Amino acid sequence: MDVFALFSARIANAMQVLFPEAGADLIARIVVEPPRDASHGDLSTNAAMIVAKPLGKNPREVAAALVEHFKHDADVISVEVAGPGFINFRIATPIWHQVLKSIAEQGADFGRSTLGGGEAVNIEYVSANPTGPMHVGHTRGAVFGDTLAALMAFSGYEVSREYYINDAGSQIDTLANSSFLRYREALGESIEIPSGFYPGDYLIPVGEALKAEFGDSLLAMPEAERTPLIKDRVLAAMLELIKADLARLNIHHDVFFSERTLHGPGGDIELTLAWLREMGMIYEGRLEPPKGKAPEEWEDREQTLFRATDYGDDIDRPLIKSDGSYTYFAADIAYHRNKFLRGFKHMINVLGADHSGYVKRLQAATKAVSLNAADMDVRICQLVRLLKNGEPFKMSKRSGDLVTLADVVEEVGADATRFMLMYRRNDAAMDFDFALVKEQTKDNPVFYVQYAHARTHSIFKTAARDFPALDFSPAALAAADIERIATPAELDLVRVLAAWPRTVTAAAIAHEPHRVAFYVHELAAAFHAFWAKGKDDPSLRFVNSDDPKLTLARLALVDAVRQVIANALAILGVTAPEELS
RNA sequence: GCACCCGUAGCUCAGCUGGAUAGAGCGCUGCCCUCCGAAGGCAGAGGUCGGGGGUUCGAAUCUCUCCGGGUGCACCA
């Protein structure tokens, strides 16, 4: 049950009845939300202020009519007008009890919604070049994309998690050449790695594997024959490497889409360009040289251009390079047409900060190939600066100066990595301090939240000790005398629980999974605070040895907290431990 | 030169898409363990929301402009 959605609907209905002349568009702008200051009430709406002006009425007059309407509603304790025309509701306690009941009934599904209506959404994330292990720069996008995917799935979308393998460019030739060097090394040659080649140790096993498969037969083989063989082997190996890295963070994609499959005669790029030409979206023309570049690097020539400016981009974009091959963007247009033809009308791409200049053309491409039928949201993840005790930090084991994803996970663990990366908006640069993340104090939000979850379990343990005869099964909790939950402190906690469905929905609409992390931290804080109240006032303890019925009711509340924390952590991909080590 | 992102307490950051007296953690000053896990909690001090205009009942939020920081800018991927 979503209290806000419930009252939002009721208020909209009331407004329609009271002010039929207000159109549906106006009604739709009405917001029902918790007031910033809890002393104002449980719910607040701007309904009167939204409607008053267009109708030529006084906001307080409109508000008075609505107040009159809700005055005798049994679910409402009080309604009053405040400030410029806010209407504040105080909700009757039974509604809060219903929230607890629905948490118990829905369990892991509490907060799940039908917002997406089962529509397919394609979320592309990571898409790191398959030329080596993942480094820390990729990690933020990986966690963000994976969490967003979980959030959207929880909100009723049919989510497809996709990884685009850039396996067609010149960097793959370099990769193959680097592997060939390692192969020669494996055969006993002493090698030197020239600049421009990939120096990482991770190619050594590839060289070994090539030796095991081919013996020394590759040495005599013509390059044109040899390179494709090596490419296949090394790409497969790199992909396994990347999958293994992602698995460290429990990230798994549904689709790995190879760019190579778009190329070649009769391929998607060819078909897409033909289609674009047919639609008049391509022309031959010249571009202005970019202002920031040195003019001597600029070669003025006639190019095959995509009319990106027709779809909101800054300039038209080249599709064919001077050597006659396709540009990366040409492949990307074909790729996104492919996504659209696979049935995706909603697409989200998660990209690194260095791709911010790519956003407009990607959106232009999506609009063009779908004839404006598909939408594309690009989420940019800003840079992560690694710190240790406030000092910039470099770790390197196997890949030059880069800190790898594996290094980070090994250092701080998957839970902390995921939570900390989500405990920040994606579009702000962040510092990631290893020392802080490993700390087991309230300064560390991961720990703080997991501690709250563990604490719910420890309360049950205490209860079992004090009441050996009492039944704490889900069925017993469901049958608990929930009306005993009545003190202001308890109901405050329930209010936080009641905000969960609304938080999820808002986060899904905005594509902002970080809100889940902030919410669960807030819930943990509310829970810790209530727990501490029991220190000063024993009557507020969860376990009351002289009152088994109250204890059972309070345990139902604890169980609801446990459930909602678990649900939020599930979206974040962070484990919910029953005890801390 | 252009585009995108950021600028909120001493520090690190939220602020629910335009709402009421702008919030949290750290740090600082105090308080709370014979008591469900103190691995916690409570209270206090601390702000011109980068500056200035505009839109309206109402702006940290939208818009314009300037300042500061980051990222990117044909034929790479």
Side-chain angles (χ1 to χ4, degrees), chain A residues 29 31 33-37 40 44 46 49 52-53 59 82-86 88 129 131 166 168-172 259 286-293 297-301 303 305 313-315 317-318 320-323 325 327-329 331-332 352-360 380 382-383 390 423-425 427-431 433 436 439-445 447-448 450-452 454-455 458-463 465-466 499 502-503 505-507 509-510 512 514-515 518-519 521-522 525 528-536 538 541-545 551 554 558 579-580:
Chain A
R29 286 180 51 209
V31 174
E33 58 185 359
R36 188 165 290 176
D37 187 340
H40 288 135
S44 177
N46 59 357
M49 289 179 287
K53 184 108 194 254
F86 289 101
N88 294 326
N129 282 347
T131 55
N166 297 136
S170 58
Q171 83 280 7
I172 302 303
E259 182 192 349
R286 292 171 186 277
L287 287 176
E288 295 286 315
K291 289 270 168 35
K293 283 275 180 185
E297 288 177 23
W298 176 260
E299 178 202 342
D300 187 29
R301 67 180 181 95
Q303 304 194 78
L305 299 168
D313 201 356
D314 300 321
I315 58 169
R317 302 290 175 179
I320 297 177
K321 299 187 224 168
S322 49
D323 69 359
S325 63
T327 61
Y328 179 77
F329 183 54
D332 227 9
D354 53 341
H355 285 72
S356 61
Y358 206 70
V359 175
K360 282 187 182 177
I380 298 288
Q382 291 294 331
L383 301 175
Y423 198 61
R424 190 111 321 172
R425 295 179 59 94
D427 49 12
M430 75 181 294
D431 293 339
D433 195 314
L436 170 63
E439 239 174 70
Q440 298 221 330
T441 69
K442 63 175 175 174
D443 307 357
N444 178 352
F447 170 77
Y448 185 80
Q450 289 188 322
Y451 175 40
R455 188 171 244 181
S458 92
I459 290 168
F460 272 91
K461 269 187 259 168
T462 306
R465 190 194 62 208
D466 289 4
R502 177 176 186 280
T503 302
T505 306
I509 290 171
E512 290 184 354
H514 75 275
R515 292 192 199 181
F518 280 93
Y519 169 83
H521 188 266
E522 186 190 327
H528 286 309
F530 182 78
W531 190 92
K533 282 204 171 80
K535 292 223 163 260
D536 301 328
R541 289 187 197 162
F542 292 110
V543 180
N544 279 52
S545 50
T551 298
R554 291 252 169 93
V558 173
E579 60 182 20
L580 299 171

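Naming convention: chains lettered A, B, ... in sequence-line order (proteins, then strands); numbering from 1 in each chain. Basis for what follows: all heavy atoms, side chains included, without hydrogens, waters or symmetry-related copies. Because the structure is a prediction, the values reported are computed rather than measured.
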**Request:** State which of B/rA20, B/rG40, B/rC36 makes the closest approach to the side chain of A/F86.
**Result:** B/rA20
**Asked** Are any of A/K321's side-chain N or O atoms less than 4.0 Å away from OP1 or OP2 of B/rC76?
**Response** yes
**Request:** Answer yes or no: is there a side-chain heavy-atom contact under 4.5 Å between A/Q382 and A/R424?
**Result:** no
**Asked** Taking a pair as Watson-Crick or G-U wobble with both distances under 3.5 Å, which nucleotide is matched to B/rG23?
**Response** B/rC13
**Request:** Quick one: list whatever passes side-chain hydrogen bond (donor to acceptor under 3.5 Å, both in side chains) with A/D323, sequence neighbours left out.
**Result:** A/S325
**Message:** So, using side-chain contact (heavy atoms from CB on, under 4.5 Å) as the criterion, who are the partners of A/Q171 when residues are at least two apart?
**Reply:** A/N129, A/T131, A/N166, A/Y198
**Item:** Polar pair under 3.5 Å, donor/acceptor by atom type, side chain A/R502, base B/rC16
**Value:** yes
**Request:** Could you say whether A/N129 or A/V31 is positioned toward the 5' end of RNA chain B, judged by the nucleotide with the nearest heavy atom to each?
**Result:** A/V31
**Item:** B/rG72 - base-pair partner by Watson-Crick or wobble geometry, distances under 3.5 Å
**Value:** B/rC2
**Prompt:** Given B/rC75, B/rA14, B/rG40, which nucleotide is nearest the side-chain atoms of A/S322?
**Reply:** B/rC75
**A/F447, A/F518, A/Y448 screened by ring-ring contact (aromatic ring centres under 6.0 Å, His included) with A/Y423, the one that passes** = A/F518
Enumerate all atom pairs, one protein N or O and one N or O from nucleotides 22-27 of chain B, separated by less than 3.5 Å.
residue: B/rC26; atom: OP1; partner: A/K442; partner atom: NZ; Å: 3.2

**Message:** Please pick, from B/rA77, B/rC57, B/rC16, the nucleotide with the shortest atom-to-atom distance to any side-chain atom of A/K53.
**Reply:** B/rC57
**Request:** Look at A/K535 and B/rA38 and indicate whether a side-chain polar atom (N or O) is within less than 4.0 Å of OP1 or OP2.
**Result:** yes
**Item:** Listed nucleotide nearest any side-chain atom of A/R541, set B/rC36, B/rA77, B/rG41
**Value:** B/rC36
**Request:** Just jot down the side-chain contact (heavy atoms from CB on, under 4.5 Å) partners of A/I315, sequence neighbours excluded, or say none.
**Result:** A/R317
**Message:** Could you tell me the Watson-Crick or G-U partner of B/rC42, where both distances fall under 3.5 Å? Say none if there is no partner.
**Reply:** B/rG30
**Under 3.5 Å side-chain donor-acceptor pair for A/N88 and A/S44** = yes
**Request:** For B/rG7, give its Watson-Crick or G-U wobble partner with both distances under 3.5 Å, or none.
**Result:** B/rC67
**Selected nucleotide, minimal atom distance to A/W531 side chain, candidates B/rA14, B/rC36, B/rG19** = B/rC36
**Request:** Look at the side chain of A/S170 against the base of B/rA77 and say whether a donor-acceptor pair falls under 3.5 Å; ignore hydrogens and angles.
**Result:** no
Show each protein N/O and nucleotides 3-7 of chain B N/O combination with a separation under 3.5 Å, one pair to a line.
residue: B/rA3; atom: O3'; partner: A/K360; partner atom: NZ; Å: 3.2
residue: B/rC5; atom: O2'; partner: A/D427; partner atom: O; Å: 2.7

**Asked** Does A/A510 have any side-chain contact (heavy atoms from CB on, under 4.5 Å) partners at least two apart in sequence or in another chain, and if so, which?
**Response** A/E512, A/R515
**Complete:** Testing B/rG19, B/rA77, B/rG40 for proximity to the side chain of A/M49, the answer is B/rG19
